[in-house]
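Below you'll find the structure, written out as structure tokens, and then a few comments.
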Protein chains: 2
Amino acid sequence: MFSIGELSKRTKVKVPTIRYYEEMGLLVEAERTSGNQRRYDKAGLERLSFIRHARDLGFSIEAIASLIELQDHPDRSCEAATDIAVAQLADVRAKIKRLKLLEKELARISKSCDGQGVSEDCYVLASLADHELCHREH
Amino acid sequence: MFSIGELSKRTKVKVPTIRYYEEMGLLVEAERTSGNQRRYDKAGLERLSFIRHARDLGFSIEAIASLIELQDHPDRSCEAATDIAVAQLADVRAKIKRLKLLEKELARISKSCDGQGVSEDCYVLASLADHELCHREH
DNA sequence: TGTAATGTCTCTAGTGACTAGAGATTCAAG
DNA sequence: CTTGAATCTCTAGTCACTAGAGACATTACA
Ligand SMILES: [Zn+2]
Ligand SMILES: [Zn+2]
Ligand SMILES: [Zn+2]
Ligand SMILES: [Zn+2]
């Protein structure tokens with residue numbers, strides 16, 4: 001049994017974040033000492049590691065809640081887990097696609113002005129004012 | 001002179017968002033009718049178009065405020081504008097880099113389970129539980 | 001001119017995933 | 001037993017909006 005600070009160190013999840021996850025229902029309410037402080041065991045550590053890893057991969061709290069629900073019922077079909085992972089992958093790919101378009105336009109815009117002129121003649125400002133100057137939709 | 005709804009239609013920025021931009025100081029306070037409704041002219045339209053385009057490119061409200069400040073002083077050096085654009089580009093590139101790492105891991109995880117088994121044996125859940133199974137840092 | 005439909009006003013509160021801080025209490029080390 | 005660090009709860013702030021309530025203004029049409 002260890003404290004929330006110890007759990008925080010081991011998982012690299014900040015203390016207030018751990019409390020937040022508990023409030024959101026991702027972590028079951030921890031046992032308490034007689035003085036009302038939270039105490040955790042191996043199971044608590046594993047669950048928080050799971051949450052942390054899923055968050056690192058970009059899953060939402062809601063998605064993680066579904067995944068944990070599934071984990072708590074080992075006999076259920078895992079179809080939902082795959083669905084969630086596939087959706088997350090699609091989401092990440094969509095974000096990459098969009099960011100690549102932004103990157104192209106921003107690279108063009110950034111390069112177009114060396115910052116040595118005055119605001120009035122600045123191509124950066126002109127480019128932001130007029131989407132027509134962009135080479136593609138974004 | 002046209003209404004906020006008309007401005008919204010022309011710029012595709014929602015009405016509450018326009019009011020929000022005004023509150024944030026991105027838009028100067030609009031003229032009002034005798035009945036207290038906002039009225040805009042060409043200058044207001046152009047400024048909102050600028051904001052909208054910059055937002056589409058991912059600039060923060062704060063960055064846009066700086067860019068507008070610069071735009072309002074045509075004689076100033078445009079160095080800050082270039083700096084802001086370069087920083088935004090770096091930010092976008094960093095995001096792409098991170099998302100690509102996630103994409104790799106998520107693709108691997110998604111493919112590893114067809115969703116036909118049970119939760120207990122699910123490779124998706126196992127992969128989320130253990131970062132050691134990941135091929136790289138992310 | 002009257003009326004009804006639509007638009008607009010301000011204000012508050014909610015979103016997601018935390019983060020920061022106040023003030024009180026508890027724990028662990030010496 | 002004292003001291004200092006850790007923990008507790010609670011509220012509020014972050015960013016860029018979005019939603020909704022209830023009141024008032026404008027516009028179109030009869
Ligand atoms: Zn310039
Ligand atoms: Zn553009
Ligand atoms: Zn599976
Ligand atoms: Zn991993």
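Each chain gets a letter, A, B and so on, in the order the sequences are listed, and its residues count up from 1. This is a predicted model, so every value here is computed, not measured.
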Hey, can you pull the residues of residues 60-69 of chain B with a non-hydrogen atom under 4.0 angstrom from DNA chain D? B:Ser60, B:Ile61

Using a heavy-atom cut-off of 4.0 Å across all strands, would you classify B:Phe59 as base, sugar-phosphate, or nothing? nothing

For B:Arg19, report the nucleic acid contact type (base, sugar-phosphate, nothing); a contact means any heavy atom under 4.0 Å. base

Which of B:Glu31, B:Glu22, B:Glu6 passes salt bridge (Lys or Arg N to Asp or Glu O under 4.0 Å) with B:Arg38? It is B:Glu22

Starting at [atom1] of [X] and ending at [atom2] of [N], how long is that distance when rounded to a whole Å?
| X | N | atom1 | atom2 | result |
| --- | --- | --- | --- | --- |
| B:Glu22 | C:dC9 | CD | P | 9 Å |
| A:Ile4 | C:dC27 | CD1 | C1' | 14 Å |
| A:Tyr20 | D:dC8 | OH | P | 18 Å |
| B:Lys14 | D:dA16 | NZ | P | 16 Å |

Heavy atoms only: give me the nearest B:Gly5-B:Val15 pair and the separation to one decimal. CA-CG2, 4.1 Å

Using heavy-atom distances to pick each residue's nearest nucleotide on DNA chain D, tell me which of A:Arg38 and B:Asn36 is more 5'. A:Arg38

cation_pi(B:Arg47, B:Tyr21) dist<6.0 Å, angle<=45: no

D:dT26, OP1 or OP2 - any side-chain N/O from B:Thr33 closer than 4.0 Å? yes

